[in-house]
Amino acid sequence: MRVDIITIFPDYFGTTAKGAGPLGVSLIGKAAARGDLDFRLHDLRRWATDVHHTVDDTPFGGGPGMVMKPDVWGTALDDVLTGDGTVTAPSAPSAPLARLIVPTPSGTPFTQGLAAAYAAEKRLVFACGRYEGIDSRVVADARSAMAVDEVSIGDYVLAGGEVAVCVILEAVCRLLPGVLGNEQSAADDSFGGGTGEAGDPMRGLLEGPVYTRPRSWRGREVPPVLLSGDHQAIARWRRDEALRRTAAVRPDLVSQIISGTPGGAAMLDARDRTVLAEAGFPVDGESMAH
Ligand code: 6GU
């Protein structure tokens, strides 16, 4: 997959003299080393036309902060998309070019499903905004040529999109074909809400507790079922714990499962319903007296 990142802080991703940045280490670094990811960093200021390399201006209508200029972003995107000889503008509207991702706190939530969809793309282009955002005509204009997603990584405000790009790339990267056994699952995942991969019985649930050696540590024992060798009992226990944890810390995800994301409540067996009822979520269809 080819990944272009346009930013006023290319050094943030720093894959230069000072050593590997976030794109050079761990999972992403390995994918890049294998050639599964081809990163191109672009300094937005390259497309600024004045001596000061200005990329922002005051907002029309007043208000605090600065807005990034449409003319600078427009030529930057045009050049990155078409100006490198590898990929040219589509001759037909259906020709796949690239997906443009604009990280912004006012975007739609980034989910596991989006990560899976991105992992199936040939090319992603990230447009990192700073200040109060990018002039809104830039996204409107880009939409006439390509798929554009404005995405948020959570309900808080970052100073810029660079960290969000790292978050998104890490989620995408572990789903790329070639990364252990993800070949078939990544593409099926696009309708999944919440967490967990397609085909995972724990899909939509948070992971419960995990343990390794030693069996006893500071007087705390590993739950005996995990030492029992009874794989069915272990799987059941893990599911119970996942249900309990999800009910405790993400009741919204339990509500989603119950009230019918595809396959929702149907995925719950009798034991699931008992565990959820104990955790304060009586599930309809259960033989409980109300
Ligand atoms: Cl994607 N960008 C910025 N600047 N802030 C955010 C965000 C993205 N997601 C949550 N907050």
Side-chain angles (χ1 to χ4, degrees), residues 1-14 21-23 26-28 37 39-45 47-48 54-61 63-70 72-74 76-77 80-81 98-121 123-143 146-175 189-190 192-195 206 249-250 252-253 256:
M1 177 190 292
R2 157 114 180 231
V3 178
D4 292 274
I5 304 170
I6 309 171
T7 168
I8 58 167
F9 294 125
D11 288 347
Y12 176 88
F13 301 93
L23 305 182
S26 187
L27 191 74
I28 298 175
L37 281 175
F39 286 116
R40 313 285 174 97
L41 286 169
H42 309 276
D43 186 346
L44 179 69
R45 290 194 196 277
W47 288 277
T54 307
V55 295
D56 62 337
D57 203 342
T58 53
F60 277 126
M66 301 289 272
V67 174
M68 296 187 103
K69 291 163 62 59
V72 177
W73 269 110
L77 286 169
V80 167
L81 286 164
R99 194 186 302 220
L100 177 63
I101 303 167
V102 184
T104 165
S106 23
T108 56
F110 179 64
T111 59
Q112 191 64 26
L114 269 187
Y118 295 168
E121 296 278 357
R123 188 176 184 200
L124 301 176
V125 178
F126 289 95
C128 295
R130 284 259 150 186
Y131 313 109
E132 296 302 309
I134 303 170
D135 184 300
S136 292
R137 291 168 293 183
V138 173
V139 162
D141 191 55
R143 277 196 213 284
M146 64 196 303
V148 183
D149 291 355
E150 294 182 279
V151 295
S152 164
I153 61 161
D155 293 338
Y156 40 78
V157 181
L158 304 170
E162 285 78 7
V163 179
V165 170
C166 291
V167 168
I168 293 167
L169 281 175
E170 186 151 326
V172 169
C173 195
R174 57 179 286 282
L175 301 178
D189 218 18
S190 24
T195 57
L206 305 183
V249 309
R250 292 292 305 275
D252 59 309
L253 293 181
Q256 249 181 63

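We count ligands from 1, going down the list as the structure has it; atoms in each ligand are counted the same way. Numbers here are sequence positions counted from 1.
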Considering only the protein, which heavy-atom contact is closest to [atom], and what is its distance?
atom                    : value
atom 7 (C) of ligand 1  : P105 N, 3.8 Å
atom 9 (N) of ligand 1  : I153 N, 2.9 Å
atom 10 (C) of ligand 1 : G154 O, 3.0 Å
atom 5 (N) of ligand 1  : L158 N, 3.1 Å

Crowded around [X] [atom1]? As in, over 12 foreign heavy atoms under 6.0 Å?
X    : atom1 : answer
D155 : CG    : no
Y156 : OH    : yes
E170 : CD    : no

Before you tell me yes or no, could you show the steps for L124 and D4 under side-chain contact (heavy atoms from CB on, under 4.5 Å), namely the whole-Å CA-CA distance, both residues' side-chain angles and the distance that decides it to 0.1 Å? CA-CA 6 Å; L124 301 176; D4 292 274; over 6 Å; no
Enumerate the atoms of ligand 1 whose separation from the nearest heavy atom of V151 is less than 4.0 angstrom. 1 (Cl)
Indicate, as side chain, backbone, both or neither, the part of [X] found under 4.0 angstrom from ligand 1 when only non-hydrogen atoms are considered.
X    : value
T104 : backbone
Y156 : both
S152 : both

Scan side-chain atoms only and decide if E162 and T7 contain a donor-acceptor pair under the 3.5 Å cut-off. yes
Under 3.5 Å between any N/O of A159 and any N/O of ligand 1: does that happen in this structure? no
Show your reasoning for whether side-chain contact (heavy atoms from CB on, under 4.5 Å) applies to R45 and I8. CA-CA 6 Å; R45 290 194 196 277; I8 58 167; 3.9 Å; yes
Distance-only, no hydrogens or angles: does the S26 side chain make a donor-acceptor pair with backbone N or O of I28 under 3.5 Å? no
